[in-house]
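Only one structure is covered here, and it is reproduced in the block below.
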Amino acid sequence: MKKEEFVLPSLKVAQRRTKARSNIEKELFEIPHEVKNLGVDRSFYLRTYGCQANERDGETIAGILETLQFTQVNTPEEADLIILNTCAVRKNAEDKVLGELGSLKRLKKTNPDLMFAMCGCMAQEEEIISIILEKYPHVDLVFGTHNIHRLPQLLYQAMMNKERTIEVFSKEGDVIENLPVKRFGTHKAWVNIMYGCDKFCTYCIVPYTRGKERSRTVEDILEEVKELQDSNFKEITLLGQNVNSYGKDLGLDGGFAHLLEEVAKTGIERIRFTTSHPWDFSDAMVDAIAKYDNIMPFIHLPVQSGDNDMLKIMGRRYTVEDYKETFDKLKAKVKNCAFSTDIIVGFPNETEEQFQRTLDIVDYCQFDNAFTFIYSPREGTPAAKMKDNVAMEVKQDRLNRLMEKTNGYARQQNVKYEGMVCKVLVDGPSKKNKEVYSGYTEQNKLVNFVTDKKLNPGDIVEVEILEAKTWTLKGKQI
Ligand code: SAH
Ligand code: SF4
Ligand code: F3S
């Protein structure tokens, strides 16, 4: 296939937002007759990087492939098709994928028919696609986050016509409701409530790789939750880059707070959601979380920085004071609530004083868990054009100091649970020791515990916490 026949991503197009509302499509996904049996006697290996939205996309990709009769395998060595579902949020995430693509190439020697596909957020990047075109000729198929529904046709083209196939849409298009899904969990599931992001934080690539914010309808979401409930799922996590914006594009009254209440009323045992932006966390949301026992007392609330000027340059739309206000409200109203956060250090020109204020907000909130990152410039974002006077050693040193603090609080928060009895949703025997079971508390804390009973994944049991470690709790079933 000639280069002109590829559909390549365009950053310019991805940066643009239009007022046009996305359609809700119930029949757009289809499998052409000739593609129906494409996977007979063929296997695929899928590896997903990045966030929960990408994990959930992986379940759609696996669902499509199994509909085409492919079999999923657990190692790349066994596969006829290797798919890397990628993340672009930081450069080290990308480097991992490019390294992996390079090292897996060797498998083509023993299996010349082996096919490589790349999808996910990296596929949406102009720069990455030119690298793939130039240096990774063994990648046979590239598709993006907006055209997963085209996988049957694209695979057919790449596989049967033996043509290198690249199709990446730069615009998001519609909300497609009839895609198949293969759930990787047996008792915990992801549920998309919306796609895309319109916040345009100045450092972040997600608004360009995932397109504009578009919501699913309350009815479609509830239908999925009820199906999961009927199939014995105990926990769902509602997904969106910023769930607080849910429904705004559809002009829905009540937005996310209303949706949360409706989902809570289904009676499913555990409801989680991610991610909430501190900027538009409404009082109605706080009240809904406080009101329903099946909405879990655990909030991921990314603060990014503890300095107001820095937050402004990051385009975060809240101040440290606003953040504390939301945090305090949640703490006061939601019983025993746990908090996690994301923090970026070494944003362009961050001063030591500004970094100190980030340490201060950590002291104030004493997070149960914090994901800490060194700022990574992303092509096409406003921050990537900023001059930066902070040396990498300084950034690394700040990250180390920050992590020392956040790890200390993680442990301190866990110690509070010693002697307490927690409800634990059982995942199964622990990875390290088959005699021990593991599961998560309502506050999302991993517990390894002993019991003399035979338990099944999905059981909810009471566990007395005997010992706290930094990242896990140890206990026994009562
Ligand atoms: N939608 C989510 C975040 C998705 S990205 C939210 O707004 O909370 C997850 C985290 O990655 C972000 O919270 C941020 O802390 C980090 N991140 C995003 N872009 C980054 C960049 N360019 N460099 C370093 N960290 C980044
Ligand atoms: Fe990125 Fe900000 Fe959107 Fe989160 S809210 S995905 S950090 S632009
Ligand atoms: Fe990564 Fe894309 Fe998620 S960039 S964090 S996989 S939205």
Side-chain angles (χ1 to χ4, degrees), residues 9 14-15 17 47-58 61 84-94 96-97 118-125 128 144-146 148 172 190 192-213 238-246 273-281 299-306 310-311 313-318 323 339-348 350 358 367 369-386 388 390 395 398-399 402 406:
Q15 282 170 331
R17 285 293 184 270
R47 189 178 297 169
T48 295
Y49 303 79
C51 65
Q52 293 93 338
N54 232 26
E55 290 286 340
R56 180 60 187 76
D57 283 352
I61 291 163
L84 300 187
N85 184 23
T86 63
C87 171
V89 81
R90 283 170 293 276
K91 184 163 185 299
N92 56 8
E94 293 180 349
K96 240 190 264 168
V97 170
M118 185 182 109
C119 59
C121 286
M122 276 170 78
Q124 296 294 138
E125 289 183 276
I128 292 292
T145 59
H146 303 317
I148 295 174
E172 57 286 323
W190 311 114
N192 284 319
I193 64 165
M194 58 194 298
Y195 305 95
C197 183
D198 288 342
K199 293 295 162 293
F200 291 97
C201 302
T202 54
Y203 50 81
C204 183
I205 198 169
V206 173
Y208 316 113
T209 64
R210 292 275 165 178
K212 75 169 180 210
E213 278 173 5
L238 306 175
L239 295 181
Q241 291 302 336
N242 173 18
V243 294
N244 310 11
S245 291
Y246 170 77
F273 55 87
T274 200
T275 304
S276 277
H277 194 298
W279 167 62
D280 51 354
F281 207 117
I299 316 280
H300 181 60
L301 200 62
V303 65
Q304 313 298 0
S305 165
M310 200 42 88
L311 287 172
I313 303 169
M314 287 176 163
R316 290 293 286 180
R317 313 172 190 213
Y318 54 84
Y323 185 91
F339 293 87
S340 67
T341 197
D342 293 343
I343 299 170
I344 298 176
V345 299
F347 193 78
E350 181 189 55
T358 296
F367 298 105
N369 195 3
F371 301 90
T372 52
F373 311 105
I374 292 183
Y375 164 72
S376 169
R378 305 285 66 210
E379 173 85 16
T381 62
K385 295 192 198 84
M386 296 176 194
D388 187 3
V390 191
K395 297 186 191 215
R398 285 181 191 162
L399 182 71
L402 176 63
T406 54

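Every number for a ligand or one of its atoms is a count from 1 in the order of the listing.
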Take Y323 and L311 through the side-chain contact (heavy atoms from CB on, under 4.5 Å) test and state the conclusion after the steps.
-> CA-CA 11 Å; Y323 185 91; L311 287 172; over 6 Å; no
Going by heavy-atom distance to atom 6 (C) of ligand 1, choose the closest among T275, T202, V89.
-> T275
Run the contact test for T274 against ligand 1 with a 4.0 Å cut-off on heavy atoms, strictly below, and give the result.
-> no
Numbered in order shown, the ligand 1 atoms found under 4.0 Å of a heavy atom of Y375 are 23 (N), 24 (C)
Nearest heavy-atom pair of L399 and F373: which atoms, and what distance?
-> CD1-N, 4.0 Å
May I ask you to identify the nearest protein heavy atom to atom 7 (S) of ligand 2, giving residue, atom name and distance to one decimal place in Å?
-> Y203 OH, 3.5 Å
Distance below 2.8 Å from atom 2 (Fe) of ligand 2: protein N/O/S atoms = C201 SG
Ignoring angles and geometry beyond distance, decide whether H277 reaches within less than 3.5 Å of ligand 1 through its nitrogen or oxygen atoms.
-> no
Donor + acceptor pair across side chains of D342, H300 (<3.5 Å) = yes
So the atoms of ligand 1 within less than 4.0 Å of a heavy atom of I374 turn out to be 24 (C)
N/O to N/O below 3.5 Å, does that happen between N242 and ligand 1?
-> no
Non-hydrogen side-chain atoms of L239 and T274 separated by less than 4.5 Å | yes
For atom 4 (C) of ligand 1, the protein heavy atom that lies nearest, with its residue and separation | Q241 OE1, 3.5 Å
Over all atoms of both residues, closest heavy-atom pair of V206 and C197 | CG1-CB, 4.3 Å
With only distance considered, is R378 within less than 3.5 Å of ligand 1 through an N or O on each side?
-> no
The closest protein heavy-atom partner of atom 15 (O) of ligand 1 is Q304 OE1, 2.7 Å
Part of P302 with heavy atoms under 4.0 Å of ligand 1, whether side chain, backbone, both or neither = side chain
Stacked cation flag R56 on W190, 6.0 angstrom / 45 deg | no
Should M122 and L84 be marked as a side-chain contact (heavy atoms from CB on, under 4.5 Å) after you check the CA-CA gap, both sets of side-chain angles, and the distance that decides it?
-> CA-CA 10 Å; M122 276 170 78; L84 300 187; over 6 Å; no
Which part of H300 is near ligand 1, with near meaning a heavy atom under 4.0 Å away: side chain, backbone, both or neither?
-> neither
Closest approach of A53 and Q241, non-hydrogen atoms and distance?
-> CB-NE2, 4.1 Å
the protein heavy atom lying closest to atom 13 (O) of ligand 1 turns out to be D342 OD2, 2.6 Å
So, for C121 and T209, which heavy atoms are closest and what is the spacing to 0.1 Å?
-> SG-OG1, 3.2 Å
Is the shortest distance from a heavy atom of Q241 to ligand 3 less than 4.0 Å?
-> yes
Do other residues, nucleotides or ligands put more than 12 heavy atoms under 6.0 Å from K199 NZ?
-> yes
Interfacing atoms of ligand 1 (cut-off 4.0 Å, heavy-atom, S376) | 21 (C), 22 (N), 23 (N), 24 (C)
Do T145 and Y195 come within less than 4.5 Å of each other through their side chains, counting heavy atoms only?
-> no
Quick check: does any side chain N or O of T48 sit under 3.5 Å from a backbone N or O of N85, one acting as donor and the other as acceptor?
-> no
Minimum heavy-atom separation for R316 to H277, with atom names?
-> O-CE1, 3.1 Å
Atom 11 (O) of ligand 1: closest protein heavy atom, distance to 0.1 Å, is R90 NH1, 3.0 Å
What one should report as the nearest heavy-atom pair of D388 and K395 is OD2-NZ, 2.6 Å
Shortest protein contact, atom 7 (O) of ligand 1 (heavy atom only) | R316 NH1, 3.8 Å
For atom 1 (Fe) of ligand 3, every protein N/O/S atom that sits closer than 2.8 Å, waters excluded = C87 SG
Yes or no on side-chain contact (heavy atoms from CB on, under 4.5 Å) for R378 and Y208, after CA distance, side-chain angles and deciding distance?
-> CA-CA 11 Å; R378 305 285 66 210; Y208 316 113; over 6 Å; no
Okay, side chain of T86, backbone of C119: is any donor-acceptor separation there less than 3.5 Å?
-> yes
Relative to the ring of Y203, is the ring of F347 parallel (under 30°), tilted (30 to 60°) or perpendicular (over 60°)?
-> perpendicular
Mark the output for V206 as yes if a heavy-atom distance to ligand 1 is under 4.0 Å, and as no if none is.
-> no
Which bit of Y203 gets closer than 4.0 Å to ligand 1, counting heavy atoms only: side chain, backbone, both or neither?
-> both
